[in-house]
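Take a look at the structure below.
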Amino acid sequence: QVQLVESGGGLVQPGGSLRLSCAASGFTFSSYAMSWYRQAPGKERELVAAITSTGGNTNYADSVKGRFTISRDNAKNTVYLQMNSLKPEDTAVYYCNSRRVRPYADGVGYWGKGTLVTVSS
């Protein structure tokens, strides 16, 4: 069965750092682009960062550029989100998402259950 399992969330002070991990199983990880989304209290889910199936290209929401880094290790079927200089407005449930792009994008995708990040003093 397909699984995306996020980990690494928790409570951190403003200015601190966290690294989120998403462990994938049940599908051909290297055929999927991977993304991190977040949903803050009372707000809609938004794209935070995305990475191509090979890891060759990334993109970020303007609000996190220069602070967050998405990466993937296809040998470990894992995608990461390194979050630095965290701000209270980064508080959200962070979700891992996969989208099949090889051999072509056919709309198949999956969601993890999320991990909570709370940035507060």
Side-chain angles (χ1 to χ4, degrees):
Q1 76 284 10
V2 169
Q3 284 191 308
L4 293 173
V5 181
E6 301 96 335
S7 62
L11 175 64
V12 64
Q13 293 184 354
S17 298
L18 285 174
R19 189 175 79 152
L20 306 183
S21 298
C22 173
S25 60
F27 62 96
T28 304
F29 184 73
S30 61
S31 296
Y32 287 71
M34 301 297 297
S35 301
W36 288 95
Y37 288 75
R38 68 186 181 188
Q39 188 165 16
K43 296 186 177 181
E44 297 296 317
R45 187 170 60 192
E46 64 174 347
L47 177 67
V48 176
I51 189 166
T52 53
S53 60
T54 64
N57 285 285
T58 59
N59 64 79
Y60 300 91
D62 288 343
S63 59
V64 308
K65 283 181 179 176
R67 300 189 298 121
F68 290 12
T69 303
I70 189 171
S71 62
R72 67 190 294 160
D73 186 339
N74 283 359
K76 296 181 178 180
N77 288 356
T78 302
V79 64
Y80 306 94
L81 185 68
Q82 178 66 48
M83 305 186 295
N84 299 326
S85 302
L86 283 161
K87 304 174 180 179
E89 52 262 45
D90 295 319
T91 295
V93 176
Y94 284 72
Y95 297 92
C96 181
N97 172 258
S98 63
R99 296 174 292 119
R100 187 153 68 189
V101 296
R102 305 294 182 88
Y104 53 85
D106 61 0
V108 171
Y110 309 102
W111 289 96
K113 294 180 180 179
T115 185
L116 177 63
V117 172
T118 303
V119 185
S120 177
S121 59

Problem set entry | Derivation of the side-chain contact (heavy atoms from CB on, under 4.5 Å) call for V117 and T91 | CA-CA 5 Å; V117 172; T91 295; 5.9 Å; no
Exercise. Which is it for T115 and L20 under the side-chain contact (heavy atoms from CB on, under 4.5 Å) test, yes or no, and what are the steps along the way?
Worked result: CA-CA 8 Å; T115 185; L20 306 183; 4.0 Å; yes
Problem set entry | side-chain contact (heavy atoms from CB on, under 4.5 Å) assessment of L81 paired with T69 | CA-CA 6 Å; L81 185 68; T69 303; over 6 Å; no
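Linking Ile, Leu, Val, Met, Phe, Trp and Tyr residues whenever their side-chain heavy atoms come within less than 4.5 Å places V2 and V108 in a single cluster. Each of Y80 and V93 belongs to its own hydrophobic cluster when Ile, Leu, Val, Met, Phe, Trp and Tyr are linked at side-chain heavy-atom distances under 4.5 angstrom. Under the 4.5 Å side-chain heavy-atom criterion for grouping Ile, Leu, Val, Met, Phe, Trp and Tyr, M83 is connected to I70 within one hydrophobic cluster.
Considering CD of E44 and CD of Q39, their distance stands at 6.5 Å, rounded to 0.5 Å. Within the model, atoms CG of N59 and CG of N57 stand 8.5 Å from one another, a figure rounded to the nearest 0.5 Å. Interatomic distance, CG of D90 versus OG1 of T118, reported as 11.0 Å (0.5 Å rounding). For the atom pair S25 OG and Q1 CD, the distance stands at 6.5 Å (nearest 0.5 Å). Taken from CG in N74 to OG in S53, the straight-line distance is 7.5 Å, to the nearest 0.5 Å. A distance of 7.5 Å separates CG in N97 from CZ in R45, rounded to the nearest 0.5 Å.
Annotation for P14 and S121: closest pair CD-N, 3.7 Å, computed over non-hydrogen atoms. Closest approach of S17 to Q82, counting heavy atoms only: CB-NE2, 4.0 Å. Here the closest heavy-atom approach between residue A24 and residue F29 is recorded as CB-CD1, 3.5 Å. Considering all non-hydrogen atoms of both residues, L4 and S98 come closest at CD1-OG, 3.8 Å. For C96 against V79, the heavy-atom pair with the smallest separation is SG-CG1, 3.7 Å.
Within the 4.5 Å cutoff, the side chain of R67 has heavy atoms near those of the K87 side chain. The side-chain heavy atoms of S7 and V5, taken from C-beta on, include no pair separated by under 4.5 Å. Contact check for Y60 versus V48: no side-chain heavy atoms found under the 4.5 Å cut-off.
In summary, D62 and K65 engage in a salt bridge, as defined by a charged side-chain N under 4.0 Å from a carboxylate O. Comment: E6 does not engage K113 in a salt bridge, judged by the lack of any side-chain N to carboxylate O separation of less than 4.0 angstrom.
A donor-acceptor contact closer than 3.5 angstrom is absent between the side chains of T78 and D73.
Looking at S35, its side chain never comes within 3.5 Å of a backbone N or O of A50 through a donor-acceptor pair. For the pair T58 (side chain) and I51 (backbone), a donor-acceptor distance under 3.5 Å is absent. Not a single donor-acceptor pair under 3.5 Å links the side chain of N77 to the backbone N or O of G26. For the pair R72 (side chain) and T52 (backbone), a donor-acceptor distance under 3.5 Å is present. Side-chain atoms of T54 come within 3.5 Å of backbone N or O of G56 as a donor-acceptor pair.
Tested against W111, the residues Y94, Y37, W36 include a single ring pair (Phe, Tyr, Trp, His ring centres under 6.0 Å) partner, Y37.
Annotation: cation-pi pair R38/Y95 absent, no NZ/CZ under 6.0 Å from the ring centroid and within 45° of its normal.
Annotation: F27 is in aromatic contact with Y110 [ring centroid separation under 6.0 Å].
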